[in-house]
Amino acid sequence: MKKILCAVLFFLFSFANAQAVRKYSNEFMNIGVDAAALGMANAVTANTSDVNSGYWNPAGLIGLETQQASLMHASYFANIAQYDYAAFGKPIDDRSAWGISLIRFGVDDILNTTELIDSEGNIDYNRISLFSTADYGLTLSYARKLQVPGFQYGVNAKVIRRVIGKFASSWGFGFDFGLQFERNDWKFGLMLRDITTTYNVWAIDEDEFAKIKNAIPGENQELPENTEITLPKAQLGMSKKFEFHNETSLLASANLNMRFEQTNDIFSTDGLSIDPAFGFEYGYTELVFLRAGVGNFQNIEQIDGTKRVGFQPNIGLGFKYRGIQVDYALTDLGDQSAALYSNVFSLKVDLSIFSR
């Protein structure tokens, strides 16, 4: 069995090296979901335990006690891009659970001016049309408790669909693996994204490509590569919840987000980059929640050549009553340089309330 596994891994990595590796491939799958998690700067790898665990760490689906559904909507880049998410999770028995989620990130009604000028050089505005570009991510999740007390694991199977109008489209497939461990009220989590690499295959409309091939002399002379690889990433987290006598609580969590390449992250080497994140949630009677977090620590080079450390602060607010939870987060995912903040809303429902 070990020999077979080694052979499969060798084949996967050899195959990946033969393809086009994109540094930011399928980045829409890394934005994050659930306003509660976003308000804590995404530092939830260790403590996630609801329907949204399918995204953050599938091992957390074990925390489901009943069927749950979740919805989220956010607008980015001054409402140009729309980001939507829906998820459903359900326990199978006292040792396992499953979930399914769908993400869409899209920009609609983009002007197509490739035929604005006809063959005689005349401008005809009636030749302008509209198109949309959208990315879809469908994730199927499974979680199970291990025989070792305190350990649980989860796996994701992902299907990626990306569409750029009638110009190009792609299909992609990949897997994630998650692990959680709890002891003495401390929780630890490990999330490995795209563990086998995620492989995308593009289909490009050559007739449409021909219309822009000579728009700029010397540019776009050859078709882009039709395959790309998303490299693995890892998140390592820990958290602890402190209960107080006045019906309040404080959840403190931290993440180390790792890429196996050199980036602008605050800790970066040739083969590994690490971006820490910290999140806090103050709760009152499990009814009202105040959240704050900081993450995305980056080394930023300024115009004068000097460098500074940039970071992203997030805050959030949540209400939970009889199985219905509404969360809000204020983040600057939209455009840090312009200080444009994004408002994110999400809804989580225990579906058992409808069967009482």
Side-chain angles (χ1 to χ4, degrees), residues 1-2 5 9 30 32-34 36-66 68 70 87 89-99 101 139-158 174-196 232-243 249-260 267 272-283 286 289 291 293 295 348:
M1 181 64 187
K2 291 183 178 179
L5 179 59
L9 291 175
N30 298 323
V33 302
D34 178 31
L38 293 171
M40 297 177 64
N42 303 346
V44 296
T45 301
N47 59 276
T48 181
S49 59
D50 59 14
V51 63
N52 300 306
S53 299
Y55 177 89
W56 294 112
N57 186 339
L61 289 172
I62 291 297
L64 287 173
E65 297 179 355
T66 183
Q68 274 189 357
S70 179
K90 179 181 179 180
I92 299 173
D93 50 39
D94 61 349
R95 298 190 62 84
S96 59
W98 71 276
S101 62
T139 302
L140 300 174
S141 307
Y142 174 79
R144 187 169 182 82
K145 289 184 179 180
L146 290 170
Q147 295 296 327
V148 181
F151 278 96
Q152 56 204 37
Y153 74 91
V155 292
N156 286 339
K158 301 184 296 186
F175 295 90
D176 304 330
F177 175 79
L179 185 68
Q180 286 184 334
F181 171 66
E182 181 176 0
R183 174 169 290 181
N184 299 328
D185 296 327
W186 284 91
K187 294 183 178 181
F188 304 88
L190 174 66
M191 177 62 168
L192 302 176
R193 298 185 182 275
D194 305 300
I195 188 171
T196 59
K233 294 174 286 292
Q235 284 90 41
L236 182 65
M238 63 181 296
S239 70
K240 183 177 175 62
K241 188 173 184 179
F242 302 89
E243 302 280 356
S249 63
L250 177 65
L251 172 64
S253 60
N255 258 30
L256 294 178
N257 304 310
M258 295 171 279
R259 292 177 181 261
F260 301 102
F267 304 109
L272 177 66
S273 298
I274 301 177
D275 166 32
F278 306 93
F280 303 91
E281 178 186 79
Y282 175 81
E286 293 296 315
F289 304 91
R291 305 183 181 98
K348 184 173 64 178

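- To the nearest 0.5 angstrom, Asn257 atom CG is 5.0 Å from Gln235 atom CD.
- Here the side chain of Thr48 pairs no donor or acceptor atom with the backbone of Thr45 at under 3.5 angstrom.
- A donor and an acceptor atom, one from each side chain of Ser239 and Ser253, are nowhere located under 3.5 Å apart.
- For Arg193 (side chain) and Lys233 (main-chain N/O), no donor-acceptor pair under 3.5 Å exists by modelled atom type.
- Looking at Asn57, its side chain never comes within 3.5 Å of a backbone N or O of Met191 through a donor-acceptor pair.
- Using modelled atom types, one side-chain atom of Trp56 and one backbone atom of Val33 make a donor-acceptor pair closer than 3.5 Å.
- Expressed to the nearest 0.5 Å, how far CG of Leu146 lies from CZ of Phe181 amounts to 11.0 Å.
- Here the CG-CH2 distance, from Leu140 to Trp98, works out to 8.5 Å after rounding to the nearest 0.5 Å.
- When the shell of 6.0 Å around OH of Tyr142 is examined, it contains more than 12 heavy atoms from other residues, nucleotides or ligands.
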Taking distance alone, no hydrogens or angles, what donor-acceptor pairs closer than 3.5 Å link side-chain atoms of residues 148-158 to residues at least two apart or in another chain?
{"residue": "Gln152", "atom": "NE2", "partner": "Ala59", "partner atom": "O", "Å": "3.3"}
{"residue": "Gln152", "atom": "NE2", "partner": "Gln180", "partner atom": "OE1", "Å": "2.9"}
{"residue": "Asn156", "atom": "OD1", "partner": "Ser141", "partner atom": "OG", "Å": "2.6"}
{"residue": "Asn156", "atom": "ND2", "partner": "Gly54", "partner atom": "O", "Å": "2.8"}
{"residue": "Asn156", "atom": "ND2", "partner": "Asp176", "partner atom": "OD2", "Å": "3.3"}
{"residue": "Lys158", "atom": "NZ", "partner": "Asp176", "partner atom": "OD1", "Å": "3.2"}
{"residue": "Lys158", "atom": "NZ", "partner": "Asp194", "partner atom": "OD1", "Å": "2.7"}

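- Salt-bridge annotation for Glu286 and Lys241: present, with a side-chain N of the basic residue lying under 4.0 Å from a carboxylate O of the acidic one.
- A donor-acceptor pair is defined here as one N or O able to donate and one able to accept, closer than 3.5 Å; no such pair exists between the side chain of Arg144 and the backbone of Ile62.
- Atom CG in Leu38 sits 10.5 Å away from atom CZ in Arg291 (nearest 0.5 Å).
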